Each structure stands twice: as C-alpha cells, then as structure tokens.
Amino acid sequence: MASITFKNVVKTYDNNVTVVPDLNLEIRDKEFIVLVGPSGCGKSTTLRMIAGLEDVTDGELYIGDRLVNDVPPKDRDIAMVFQSYALYPHMTVYKNMAFGLERRKVPKSIIDEKVKEAARILELTPYLNRKPKALSGGQRQRVALGRAMVRNPAVFLLDEPLSNLDAKLRTEMRSQIAALHKRLQTTFVYVTHDQTEAMTMGDRIVVMKDGIIQQVDTPQNLYNSPCNMFVAGFIGSPQMNFVDVTVEQGTKGYELAFGSSRIPVGADLSDYVGKQIVMGVRPEDLHAQEPFLSANPGANLQVNVDLAEMMGNEIYLYFNCNDQKMVARVPSRISVKADDAVTLAIDTGRVHLFDKQTQMVIGR
C-alpha cells in the first residue's frame, strides 16, 4: 500500500516564511499524480516533504498507514529522480544503477538481475559499460530512472526530470515514463511547471498557487471545468482569453454585453444583472468558419488581426477587441495574415463565467 496522505501539513522555514500554509491531499495507491504550478508555488517543497528532505513543520504526513513525519528518507521506501540526473561521473551506467543496492548489501546475483532487467526495459543494455559523459541527456535521464527502478520502491518521486532536455527528447521521455508507470504499477508523484507534461502524463493533476491547492482533478476536467480564473489561465496553451462583460436580461434569457456583441448564455445570472463579470473563452472556441458564424450572429466579433502565427496545422491570431487583447486558434487551411479583417464566432456553449471579485467560476 503506497498511498500518500497530507493532513493539515504546514511548511515554514527558519525565517518565518510559510511556503505551504495548510495542505490536505490524498494520493492514491498506484496513481500517477502531477503537482503543477508556477515557480515558487510550493510543489517541489511538497515533493521534498514526501522524500523526507524537508521537515514537516506542522500536521501529519502518511505513506500508506505509517506516519512518516520523523522517519528518515532511507526508511521511507521511496526513490527520487532529480532534474540534474545526479549520476556519479566516474562510475559506469551499470555501477550507477547498482550503487544503492550494493550499499544495502544486496547479493550480487540479485543486483545483476535487477540492473539488467531495468536496462532492458529502459533500452540501456548497450550502454551499461559506458560512463555518463558518453551518454546523451535522454540516456542519462533513463539511467537515473533505472537507478530508482532497481530499488523497487513503493513511491517514485520525480522533480522536474525532463527540464534539461530538448523538446523532442522531452516528448520521447514523457511517453517512456508513462509506460514505465503502467509497467511497474507503483505510485508516481511528478513535479513540473510544464502544463503539457502535466496534461499528458497524470491520472490526476494538483494545481498549486502560493502553497495552496487550487484544484485536484483529471486533465480533462481541469481543462473543461476549471474552478477559478487561475486554473483556467494556467491550463491550456495559448491561455484562455479573459474579457470583462456586462450581464443583461435578454428576451430569451441572460446575455453578455461585449462591445456590440450580445452573447447568450444558459446559466442563471439573476444575481449579476447590470454587473460586470469575466467571460473566459479558449482560443480554439473562437471560430472563423461555418456553422459557427451563422449559429449565433450576435456572438460574432469583427476584428483586425495584429499578428498571425503559423503553427503548422493551425494559426494563432492575435487581435484587440473592445480594447481587450485576445487570441484565436483557427485551422491553417483558412488564409489569414496580419492586418486582415476577420469575423470570429464565439462558441457560446463553451464559454466560462467568473465572478470578477472572487475570480471563482459562476454556476458550477
């Protein structure tokens, strides 16, 4: 059993700076959970508390059913993979992977079996006699994973393990780590600031800000049903458009007044009539083609494109609308360039509504 439970956990440093004010989180056995958020949000501190590299100031931290607040790192049955690989440069790949087991006085025959099995899974067998300097970044990261694997820990902790790799290698390693999790059936806790990594790898994602959990959910639910403006803006690239709108009572319900546009919404906004709220629209929910243009003509925007970025199968269109900066993602088959006048339709069924003061979602 390798669940991890935080109960009212607080982390305060000696200078009275509280990084994690009150953390409550249940990580399930065999789950791949990702801690994500901007720099300084407390995600790495949270991981280091699990590892025992940071003390818990207050509250209780459990691994399985065991309270581990005062348990040293070596007795927690965890393995950690760092951003910097942390390999011994004078040792071969084999020796790097075997080192931890040798220190535990594991019989040589078992060490040999474990190292070679891990090398086979990670496709490192041809490199077992090489030293780290003779390996690529991706190969070094696989060695670091293999060193953790051979210990057969109850929990894998991974702290920004791919941030030193180029984009192509990051993509390859993401899939390898996800496949490794499925093969090992062990709890993985993964820290990253990269929301693409979080969305593609995690069973659930923990979004953090200023040491406080904003939302814990599946990638799909985080994307489709963010609980507040921070989560909505953090998840998704380019990020969600946020525009100030005024709620009006229309003939068939409530409408959002945005310049000359009137966007119908199905939510109950009776408490907001005549007031400003924030409308969130993801760039892919702004359309330049039918049937969207004819569906709700009142929700169409007439804009002049400031910048058109060709991204291959799509184009990012940057523009100002009613003095608010926005971006749309449209198919590249649509011929659009800078300074073009374009009509964009808002998919009214996909808008997100937020209270302007609390920044929390309305109607969830």
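This one's a predicted model, so the numbers in the text were calculated from it and none came from an experiment.
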Non-hydrogen atoms of [X] and [Y] that approach each other most closely:
X: V342; Y: A288; value: CG1-CB, 4.4 Å
X: D58; Y: V56; value: O-CG1, 3.1 Å
X: D77; Y: N152; value: OD1-O, 4.2 Å
X: N320; Y: D323; value: OD1-C, 4.2 Å
X: I212; Y: P21; value: CG1-CG, 3.7 Å
X: A148; Y: P153; value: O-CD, 3.4 Å

Output the distance between atom CG (N69) and atom NZ (K7), rounded to the nearest 0.5 Å.
11.5 Å
Could you go through E117 and K114, starting from their C-alpha distance and side-chain angles, then the distance that decides it, and tell me whether this counts as salt bridge (charged side-chain N to carboxylate O under 4.0 Å, His left out)?
CA-CA 5 Å; E117 173 64 9; K114 285 179 175 288; over 6 Å; no
What I want to check is whether the side chains of [X] and [Y] have a donor and an acceptor closer together than 3.5 Å.
X: T5; Y: E26; answer: yes
X: D159; Y: Y190; answer: no
X: E309; Y: Y318; answer: yes
X: Q214; Y: N228; answer: yes
X: S270; Y: D268; answer: yes
X: R174; Y: T200; answer: yes
X: Q185; Y: K30; answer: no

Is the backbone N or O of [Y] less than 3.5 Å from a side-chain atom of [X], with the two atoms forming a donor-acceptor pair by type?
X: N304; Y: D339; result: no
X: H352; Y: A232; result: no
X: T57; Y: T12; result: yes
X: N296; Y: G298; result: no
X: T125; Y: E123; result: no
X: R204; Y: V34; result: no
X: K43; Y: G37; result: yes
X: R142; Y: L122; result: yes
X: D210; Y: C41; result: no
X: N224; Y: N221; result: no

Going through the checks in order, is the side-chain contact (heavy atoms from CB on, under 4.5 Å) test met by I346 and H287?
CA-CA 7 Å; I346 297 174; H287 301 275; over 6 Å; no
Counting C-beta onward and ignoring hydrogens, is there a side-chain heavy-atom pair between [X] and [Y] closer than 4.5 Å?
X: K11; Y: L23; value: no
X: V93; Y: L135; value: yes
X: V10; Y: V20; value: no
X: I121; Y: M149; value: yes
X: E314; Y: V330; value: no
X: V351; Y: V265; value: yes
X: I4; Y: Y62; value: no
X: Q141; Y: P161; value: yes

Do [X] and [Y] share a hydrophobic cluster, counting only Ile, Leu, Val, Met, Phe, Trp and Tyr and linking them when any side-chain heavy atoms are less than 4.5 Å apart?
X: I277; Y: V243; value: yes
X: M360; Y: V231; value: no
X: I334; Y: L307; value: no
X: L184; Y: I110; value: yes
X: L53; Y: I50; value: yes

Between E248 and Y254, does the side-chain contact (heavy atoms from CB on, under 4.5 Å) criterion hold? Intermediate values first, please.
CA-CA 6 Å; E248 295 182 351; Y254 299 100; over 6 Å; no
Carefully, step by step, assess T45 and E54 under the rule side chain to side chain donor-acceptor pair (under 3.5 Å).
CA-CA 7 Å; T45 300; E54 297 282 1; 5.5 Å; no
Quiz: residues 101-109 side-chain donor-acceptor pairs under 3.5 angstrom, not counting sequence neighbours:
unit_1: E102; atom_1: OE2; unit_2: K95; atom_2: NZ; d: 3.4
unit_1: R104; atom_1: NH1; unit_2: G100; atom_2: O; d: 3.0

Run through R170, E160, M173 and flag the one making a side chain to side chain contact (heavy atoms under 4.5 Å, CB included) with E197.
R170
Show, in sequence, the C-alpha distance, side-chain angles and deciding distance for E31 and T187, and conclude whether the side chain to side chain donor-acceptor pair (under 3.5 Å) test is met.
CA-CA 5 Å; E31 183 172 32; T187 306; over 6 Å; no
Indicate the ring-plane relationship of H90 and Y88, choosing parallel, tilted or perpendicular according to the 30° and 60° boundaries.
perpendicular
Taking ring pair (Phe, Tyr, Trp, His ring centres under 6.0 Å) as the cut-off, I'd like each qualifying pair that reaches into residues 129-173, sequence neighbours left out, listed once.
F156-F188
Going by atom type alone, with no hydrogens or angles, which donor-acceptor pairs under 3.5 Å involve a side-chain atom of residues 234-241 and a protein atom two or more places apart or on another chain?
unit_1: N241; atom_1: OD1; unit_2: V327; atom_2: N; d: 2.8
unit_1: N241; atom_1: ND2; unit_2: V281; atom_2: O; d: 3.0
unit_1: N241; atom_1: ND2; unit_2: V327; atom_2: O; d: 2.9

Verify side-chain contact (heavy atoms from CB on, under 4.5 Å) between F230 and Q359, making sure each step is shown before the conclusion.
CA-CA 8 Å; F230 176 79; Q359 298 197 350; 5.6 Å; no
Pi-cation contact, Y223 with R282 (under 6.0 Å, within 45°)
yes
Report the C-alpha separation of D244 and K356 in whole Å, then their side-chain angles, then the decisive distance to 0.1 Å, and conclude whether the side-chain contact (heavy atoms from CB on, under 4.5 Å) test is met.
CA-CA 8 Å; D244 294 335; K356 195 168 182 180; 3.3 Å; yes
